[in-house]
Participant: 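Please see the structure below; I have some questions.
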Amino acid sequence: MLNWENIGSLVKPAVTLGLILLVGHFVIVALLKMMKRGLERGKMDPSLAQFLLKTCNIAFHVLIVLSALNTIGISTTGILAALSAAAVAVAVGLRDSLGNVAGGILLLLSPRFLSGDYIRVEEDEGTVVRVDLLHTTLRTIDNKLISIPNGVLVNSHIVNYTREEKRRVDITFSVSYDADTEQAKQVILSVLMQHPLVLKQPEEPVARVMKYNDSSVDIVTRSWCSTPDYWTVYFDLMEQVRGALERNQIFIPYPRLDVHIKERETVGK
């Protein structure tokens, strides 16, 4: 039969366990808030900061639970052994997902890109929205979301368009063989030099003959701009250079084929 002494022996450990878990939870919440403020002041990448906060949250709560069980006299050795066996079984069953988790950790700890970067991965490209443990999410320029497994990203060729502060704008313009190429180069170069977003460093804009095609001469232009201004400069130059060439009677040719018909002499019988 249960008496007050037996009831007390059961209630006391339960109350102790509950108090430790409750106080520990609020302490963990306070620590995580302090960590979050510190990470924000340190300007850490949001995805990495979120990963660290989640990891610490899980680790701290597991530590509090184990400490609470030890405090009330429950051995945690068997629990840890059972958890280890379960972890092995889960690892075998979810080896592909664990590969993505490992890839996510590698991407966060040694980042090849950060949140907000515009990247291209094989046939997909977009702005990095977030890096989770399993997937990295990109937002395309037409506002679609693409989720790419981290295991794929770690082993893929990644082009990061926004990591550097400056980008070079390479555009090729074609003029006819009848045009004065030196004049065409000067007209094109004047447009580049006058554009307010084109930089003079690390080198001034250039315009040089690049290639001789069947019906045109290619003039390649190279100019530098700030990375956020890349597409503005690109589209402006595409429009302004054509207008400048036409004002100087220099036209962009289209493919032309001259056909010469030669009459065959009639041989008398």
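What's counted below: heavy atoms across the whole structure, side chains too, no hydrogens, waters or symmetry copies.
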Participant: Any non-hydrogen side-chain atom of M210 less than 4.5 Å from a side-chain atom of I219?
Facilitator: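 The answer is no, as the side chains (C-beta and beyond) never meet within the 4.5 Å cut-off.
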
Participant: Step by step, would you call L63 with H61 a side-chain contact (heavy atoms from CB on, under 4.5 Å)?
Facilitator: CA-CA 5 Å; L63 182 62; H61 276 94; over 6 Å; no

Participant: I want to check something: taking the side chain as every heavy atom from C-beta on, are S115 and V129 in contact at a cut-off of under 4.5 Å?
Facilitator: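 No - every pair of side-chain heavy atoms lies 4.5 Å or more apart.
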
Participant: Side chains of N150 and H135: any donor to acceptor distance under 3.5 Å?
Facilitator: no

Participant: Work out which heavy atom in V241 is nearest to a heavy atom in V191; give both atom names and the distance.
Facilitator: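 Where V241 meets V191 most closely, the heavy atoms are CG2-CG1, 3.9 Å.
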
Participant: So how far is it from I148 CD1 to S156 OG, rounded to the nearest 0.5 Å?
Facilitator: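 The OG atom of S156 is 7.5 Å from CD1 of I148, to the nearest 0.5 Å.
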
Participant: Please lay out, stage by stage, how L114 and R163 fare under the test side-chain contact (heavy atoms from CB on, under 4.5 Å).
Facilitator: CA-CA 8 Å; L114 301 174; R163 176 62 65 88; 3.9 Å; yes

Participant: Under a 3.5 Å threshold, yes or no: a donor from one side chain and an acceptor from the other, between T140 and D142?
Facilitator: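 Indeed, the side chains of T140 and D142 share at least one donor-acceptor pair under 3.5 Å.
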
Participant: Which is it for T221 and L192 under the side-chain contact (heavy atoms from CB on, under 4.5 Å) test, yes or no, and what are the steps along the way?
Facilitator: CA-CA 9 Å; T221 65; L192 271 61; 3.8 Å; yes

Participant: Check whether T227 reaches the backbone of E164 with its side chain - one donor and one acceptor, N or O, closer than 3.5 Å.
Facilitator: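 At least one qualifying donor-acceptor pair exists.
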
Participant: Any non-hydrogen side-chain atom of P205 less than 4.5 Å from a side-chain atom of K200?
Facilitator: yes

Participant: Write down the atom of A179, the atom of I250, and the distance for their closest heavy-atom approach.
Facilitator: CB-CG2, 3.9 Å

Participant: Do you know which two heavy atoms are closest between I146 and E125, and how far apart they sit?
Facilitator: CD1-O, 4.5 Å

Participant: Report yes or no: do S174 and D218 form a side-chain donor-acceptor pair below 3.5 Å?
Facilitator: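 Yes.
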
Participant: Taking the side chain as every heavy atom from C-beta outward, state whether L138 and Y118 have any atom pair closer than 4.5 Å.
Facilitator: no

Participant: Heavy-atom distance under 4.5 Å between the side chains of R120 and H157, does that happen here?
Facilitator: no

Participant: Taking it one step at a time, do M238 and R242 satisfy side-chain contact (heavy atoms from CB on, under 4.5 Å)?
Facilitator: CA-CA 7 Å; M238 289 292 289; R242 178 173 180 176; over 6 Å; no

Participant: Tell me, do L245 and F251 make a side-chain contact under 4.5 Å, heavy atoms counted?
Facilitator: no

Participant: Using 0.5 Å steps for rounding, measure from the SG atom of C56 to the CG atom of L32.
Facilitator: 7.0 Å

Participant: Does the side chain of F173 reach to within under 4.5 Å of the side chain of I188, using non-hydrogen atoms?
Facilitator: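 They are in contact (side-chain heavy atoms under 4.5 Å apart), so the answer is yes.
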
Participant: Are the side chains of W224 and V169 in touch, meaning some heavy atoms are under 4.5 Å apart?
Facilitator: no

Participant: Classify the side-chain pair S216/N213 by whether it contains a donor and acceptor separated by less than 3.5 Å.
Facilitator: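 The answer is yes; a qualifying pair exists.
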
